[in-house]
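Working notes, structure below.
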There are 2 protein chains.
Amino acid sequence: MKGTKERIIEATAGLLMRQGLAGTGLKQISSQSGAALGSLYHFFPGGKDDLAADALRVAGRSYLHLIDDYFTGRTDLVEATEGFFEGAAAVLEATDYADACPIATVALEVASTNDMLRQVTADVFAEWIDVGAQRFAEMGVSPDVARELVTVTIAALEGGFLLCRAAKSTDAMRVIGRNMAALVAHRLGR
Amino acid sequence: MKGTKERIIEATAGLLMRQGLAGTGLKQISSQSGAALGSLYHFFPGGKDDLAADALRVAGRSYLHLIDDYFTGRTDLVEATEGFFEGAAAVLEATDYADACPIATVALEVASTNDMLRQVTADVFAEWIDVGAQRFAEMGVSPDVARELVTVTIAALEGGFLLCRAAKSTDAMRVIGRNMAALVAHRLGR
DNA sequence: GTCTATAAACCGATAGAC
DNA sequence: GTCTATCGGTTTATAGAC
């Protein structure tokens, strides 16, 4: 049996991904999670910001494991890179362009308006890059190059999510995937 | 003397870029532009969505000219690409990470919630890619490769804005710029 | 821990004087 | 075209019964 707090966090993470922070009301989180409004404040005394911070951290950690699992145990980094973007395109199509990055929308909203939440989004991105660079390095890529390639890959993925959600088409993501794979191959000396 | 309608659009575009759509109130647009609330509805009878659509189109066109002017008359595309990202990094630093993409925040907010505004953001991105590809093609790049490179460049730029605004650092943008320049060089056979 | 009622402020939108 | 007053609804947040 899933606890009330977990259901609140899960519902919040989904709504933040699809509608952003300002576009998501606590009433909506309450009804979607099946938890009373009072329960939200019971588990998150700091109110909306407190809840959003937790939801972003949990969603960021989930997405990290998704990335991590995908690249773990790979032998061909070039092939893995192209497949990674193909997977992102497939998820976009399967969810009618709703499920993309769980952090990006809120990150852009709060970057200039809420320093506490901005720091949370920065921490999530930093952890993604750290762990991704670690995986690349384990596969024989020099630490510096690994970190650069992961940074560019994540940036391109985020830009791809943006272009594809706006256009309701995955064409851009596939183009981006092929070119990022080419970049990885080039920088690995192939 | 600048007209009221122009001041409203300008104020709206700036607020949408920094705070997003749901985070920006009409009252705030009214006070920031110096126009009465009634004037907003006089010029934009369709209300907030009507005004937002116009502000996005105008801001998108301005940014298009910025990109267009930067790449026009260039001889070295590789050098231009790296300089383009350096310029983006400089603007972020000069504005304390407030001025980045005028479309991205709203695009992510409305992608799953407001189809009319989603289409506006899609049109802006499409025009950026069309014009950028045209410029690249004029410099001797084959139309297909030109379109691919511009798509990846814009995606990487958007991802760079996201990572840099969250981290309040331009490190990622410079890494991305160097690697995108390397990709352009590689795909141009250099 | 869960729930409802409600406060206080704010939202988008409208009416109507000037 | 400009401005103010205001409507109806929603927001975040709190109080307090159970």
Side-chain angles (χ1 to χ4, degrees), chain A residues 1-56 58 105-106 109-110 112-118 120, chain B residues 1-58 105-106 109-110 112-118 120-121:
Chain A
M1 175 126 181
K2 211 173 283 182
T4 303
K5 188 173 182 180
E6 280 70 35
R7 279 187 293 116
I8 294 172
I9 290 178
E10 223 168 272
T12 303
L15 289 167
L16 291 186
M17 174 167 63
R18 293 167 176 80
Q19 317 181 340
L21 181 68
T24 298
L26 293 179
K27 288 247 171 78
Q28 196 181 2
I29 294 172
S30 166
S31 74
Q32 176 131 342
S33 65
L37 184 61
S39 296
L40 267 61
Y41 283 93
H42 172 73
F43 290 109
F44 303 96
K48 195 182 189 182
D49 285 4
D50 189 4
L51 168 54
D54 235 42
L56 289 171
V58 169
T105 310
V106 178
E109 281 184 280
V110 303
S112 301
T113 59
N114 184 326
D115 206 63
M116 178 254 155
L117 286 178
R118 178 198 63 75
V120 172
Chain B
M1 172 125 180
K2 210 171 286 185
T4 304
K5 188 173 181 179
E6 281 69 36
R7 280 187 293 115
I8 294 171
I9 289 177
E10 223 168 273
T12 303
L15 289 166
L16 291 186
M17 175 166 61
R18 294 167 176 80
Q19 314 181 344
L21 181 68
T24 299
L26 293 179
K27 291 249 172 77
Q28 195 182 1
I29 294 172
S30 167
S31 76
Q32 176 131 339
S33 66
L37 184 61
S39 296
L40 268 58
Y41 283 92
H42 172 74
F43 290 110
F44 304 95
K48 194 182 191 182
D49 286 3
D50 190 4
L51 168 55
D54 235 42
L56 289 171
R57 277 188 280 254
V58 169
T105 311
V106 179
E109 280 184 281
V110 303
S112 302
T113 60
N114 185 326
D115 206 64
M116 179 254 152
L117 286 178
R118 177 197 64 75
V120 172
T121 65

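In what follows, every heavy atom counts, from backbone to side chain, and hydrogens, waters and symmetry copies are set aside. To find a chain, count down the sequence lines: A is the first, B the second, and so on, and within it residues start at 1. Here the structure is a predicted model, which means the values were calculated and not measured.
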Side chains of T121(B) and R118(B): is there a donor and an acceptor less than 3.5 Å apart? no

How long is the line joining OH of Y41(B) and C1' of dG16(C), in whole Å? 16 Å

Would you kindly give the CG-to-C1' distance between L21(B) and dG12(C), to the nearest whole Å? 12 Å

Classify the nucleic acid contact of S30(A) as base, sugar-phosphate or nothing, counting any heavy atom under 4.0 Å across all strands shown. nothing

Rounded to the nearest Å, what distance is computed from the CD atom of residue Q28(A) to the P atom of nucleotide dT10(D)? 12 Å

Phosphate contact (dT2(D) OP1 or OP2) by T4(B) side-chain N/O below 4.0 Å: yes

Starting at atom NZ of K27(B), determine the distance to atom C1' of dC3(D), rounded to an integer number of angstrom. 14 Å

Side-chain contact test, heavy atoms from C-beta onward, threshold under 4.5 Å: evaluate it for E6(B) versus I9(B) and give yes or no. no

Between F44(A) (CZ) and dT14(D) (C1'), how many Å, whole number? 18 Å

In whole Å, what is the span from the NZ atom of K48(A) to the P atom of dT12(D)? 4 Å

In this structure, which one of T105(A), V106(A), T24(A) forms a side chain to side chain contact (heavy atoms under 4.5 Å, CB included) with Q19(A)? T24(A)

List the steps and the verdict of side chain to side chain contact (heavy atoms under 4.5 Å, CB included) for E109(B) and L117(B). CA-CA 10 Å; E109(B) 280 184 281; L117(B) 286 178; over 6 Å; no

Whole-Å gap separating P (dG1(D)) and CG (L40(B)): 14 Å

With sugar-phosphate meaning primed atoms plus P, OP1 and OP2, does G25(B) contact a base, only sugar-phosphate, or nothing at under 4.0 Å between heavy atoms? sugar-phosphate

Need one value for G47(B): base, sugar-phosphate or nothing, where a base atom within 4.0 Å counts as base even if backbone is also close, heavy atoms only. sugar-phosphate

Between CZ of F43(A) and C1' of dC3(C) the distance, given in whole Å, is 13 Å

Counting only side-chain nitrogens and oxygens, does S39(A) get under 4.0 Å of the OP1 or OP2 atom of dT2(C)? yes

